[in-house]
Amino acid sequence: MTKPTLPQGTRDFGPAVVRKRSYILQTIRTVFELYGFQPLETPAMENLETLMGKYGEEGDKLIFKILNNGLDNKDKEAQIRTDFEKVLEGKNVKGITERALKYDLTIPFARYVAMNHAQLSFPFKRYQVQPVWRADRPQKGRYREFYQCDADVVGSRSLLNETELALIYHEVFNRLGLTGYDLRINHRQVLAALSEVCGGAGQLTNITVAIAKLDKIGIEKVKEELSARGLTTDQVSIIEQYLGIKGSNEEILSGLEKIVGHTEAGKTGIDEMRTVLEQLKDQQLNIQTDPTLARGLNYYTGLIFEAKAPATVSIGSIGGGGRYDDLTGLFGVKDIPGVGISFGVDRIYDVLEELQLFPKDLQISTRVLFFNLGAAESKKAFELAQLLRAKGISAELYHEATKFDKQFKYAEKKNIPYVIIIGEKELQNNNCNIKNLLTGIQETVRNTALIQFPFK
RNA sequence: GUGGUUAUAGCUCAGUUGGUUAGAGCAUCAGAUUGUGGUUCUGAGGGUCGCCGGUUCGAGCCCGGUUAGCCACCCCA
């Protein structure tokens, strides 16, 4: 017998952890529902070609592929050998692998919309809470299997959607007690305009990758990287100017206007951000425009979001999203624009843990433990436990008659707030002793009055 | 995917230049206590030193490989 282990980057979730995770998930689901989103689930696996090419070159490498069954079929051996040669060259071949684990929830959603657009009524607002898989190297806050919680609206170009999604972030983080969250926005068109001003749309990726690192490596290193990626001194100096924009949201937008406001794309981007900020004006969100924000996924075309944990926690991004104008176009259905956001539950968990923001009573499941003091006593206890259960109060009867010490310790470990003791005396008198383990207060109650007792 | 680092009891960790039988605290179990827990006291169980191989008379310690955690890069939730 070898010791069992878990695959790299995966985890088991024990009872206490599951409770905390579902507290987060329930909070998010509730807010999604509050804003009119409807649930959707899609399979763990998709056809490989549904996923390939949707997440950029790096993303493709991180997709978990599933080996086909039946590769040992002798009749097909020759074909399988030639196919496998292609795999060794880094190609994907249907004969070897045609399915993959889903990498995010957005592309499967786009696939769903493309397949069902004739039946759906638009705008279609859906939320989805499911695990996704990435063949990334694990670190703290980075796993190979993790949950995403997405909300997307498709079939509407209205910026009201962006506004409401920002409010959802605000509402969820506030409900979780994460009031110090940091929500940033930027616009793909502004980034596109910047690269246009800097000598051609071909530079977009080079520029966004470099400026996204500003926080981490500083302006000098960013300039070095831009030069290394082939930008001229003039172009680098425009970007330096762009990165130097600071101040309030309005100050940042005016700053952007000076650099990219004369371009069509730049104007659109700035106007849209301004509209959304205007709509949010009275809502007290911690929202700020951040010209360095550049989300990696290459399907975003409009406003983009990123939610970060409070600065005191070293976890970084806990959510992100943005507008994509033609996601279903990838699957042959044109003109269905969309916008969506995502919450990273696993990271939010780590943040709440670090800041000790989980409610204390999450771990209370059983409210009442009946002590077991013998055959006749436990028969009565069982009867009363059934009464409480029928009233919706979760109750347990200790599984065997043993000394008090053990039964108390069981209650303590399971965080059970009340124990009920029925012994020989109580059995005769038709009453029972209810002890509150938190306060230590014990009182005697008639059995007929037990169901009225407030087990708070 | 690249580089670095760590792995000893259920948990947190000691373990000397390689040397007989690998230790502590907490936790667990039993007793002091036959109807009232959290404190205290006494005792007990528990380890193929992540795994595989090598060097050596001898390896927890040295070397190689492998698996997993962590860190940086890349990227990302």
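For clarity, every value in this text was computed on a predicted model and none was experimentally measured.
Backbone-only engagement by A:Ser317 is indicated by non-hydrogen atom pairs under 4.0 Å involving sugar-phosphate atoms exclusively. A:Lys213 comes within contact range of the sugar-phosphate backbone alone, with a heavy-atom separation under 4.0 Å but no base atom that close. Nucleic acid contact for A:Val209: sugar-phosphate only, since backbone atoms but no base atoms lie under 4.0 Å from a heavy atom of the residue.
Remark: A:Ser227 pairs with A:Val236 by the side-chain contact (heavy atoms from CB on, under 4.5 Å) rule, at least two apart or across chains. Under the side-chain contact (heavy atoms from CB on, under 4.5 Å) criterion, A:Pro7 pairs with A:Thr10, not counting sequence neighbours. For A:Glu306, the side-chain contact (heavy atoms from CB on, under 4.5 Å) partners at least two apart in sequence or on another chain are A:Leu293, A:Arg295, A:Lys308, A:Ser317.
Of the N and O atoms on the side chains of A:Gln128 and A:Thr42, at least one donor lies less than 3.5 Å from an acceptor on the other residue. Of the N and O atoms on the side chains of A:Asn433 and A:Glu426, at least one donor lies less than 3.5 Å from an acceptor on the other residue. Counted by atom type alone, A:His170 and A:Gln283 present zero donor-acceptor pairs between their side chains at under 3.5 Å.
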Can you give one letter per nucleotide of nucleotides 25-36 of chain B, 5' to 3': B if a protein heavy atom sits under 4.0 Å from the base, S if only from the sugar-phosphate, - if neither? ---S-SS---BB

Could you write nucleotides 67-72 of chain B as a row of B, S and -, 5' to 3', where a protein heavy atom under 4.0 Å of any base atom gives B, of only sugar-phosphate atoms gives S, and otherwise -? -SSSSB

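Residue ring and base: A:Phe343 does not count as stacked with B:A77 (centre distance below 5.5 Å and interplanar angle below 30° not both satisfied).
A:Leu71 is listed as a side-chain neighbour of A:Ile96, based on a closest heavy-atom distance under 4.5 Å.
B:C75 atom P lies 11 Å from atom CG of A:Asp136, rounded to whole Å. A:Tyr300 places its OH atom 11 Å from the C1' atom of B:A77, with the value rounded to the nearest Å. Whole-Å rounding puts the A:Leu437 CG to B:G38 P distance at 12 Å. Atom pair A:Lys61:NZ and B:C74:P shows a separation of 14 Å (rounding to whole Å applied).
Proximity of a side-chain donor or acceptor of A:Thr301 to a complementary backbone N or O of A:Asp325 within less than 3.5 Å is detected. The backbone N or O of A:Ile287 sits nowhere less than 3.5 Å from a side-chain atom of A:Arg184 that would complete a donor-acceptor pair. Judged by distance alone, the side chain of A:Glu164 and the main-chain N or O of A:Asn161 form no donor-acceptor pair under 3.5 Å.
For the P atom pair drawn from B:A32 and B:A68, the interatomic distance equals 49 Å after rounding to whole Å. Comparing the C1' positions of B:C63 and B:U21 gives an interatomic distance of 28 Å, to the nearest angstrom. When the P atom is compared between B:U66 and B:G3, the two are found 11 Å apart, to the nearest whole Å. Distance check on atom P: B:G45 versus B:A22 gives 14 Å, rounded to whole Å. Going from the C1' atom of B:G1 to that of B:C74 covers 8 Å, rounded to whole Å. When the P atom is used for both B:A14 and B:C62, the distance is 15 Å, rounded to whole Å. Remark: the separation of the C1' atoms in B:U17 and B:A9 is 28 Å, to the nearest Å. Using atom P as the reference point in both B:A24 and B:G65, the two lie 36 Å apart (nearest Å).
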Could you write out RNA chain B as a dot-bracket string, with dots for unpaired bases, | for bases paired across to another strand, and Watson-Crick or G-U pairs counted at under 3.5 Å? (((((((..((((.....[...)))).(((((.......))))).....(((((..]....))))))))))))....

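If you find the closest nucleotide of RNA chain B to A:Asp346 and to A:Ala135, the one lying nearer the 5' end belongs to A:Ala135.
Under 4.0 Å is where a charged nitrogen must lie from a carboxylate oxygen, and between A:Asp104 and A:Lys54 no such pair does.
Going from atom OH of A:Tyr127 over to atom OH of A:Tyr35 covers 15.5 Å, rounded to the nearest 0.5 Å.
The listed nucleotides are B:G37, B:C76, B:C75; the one nearest the side chain of A:Glu58 is B:C75.
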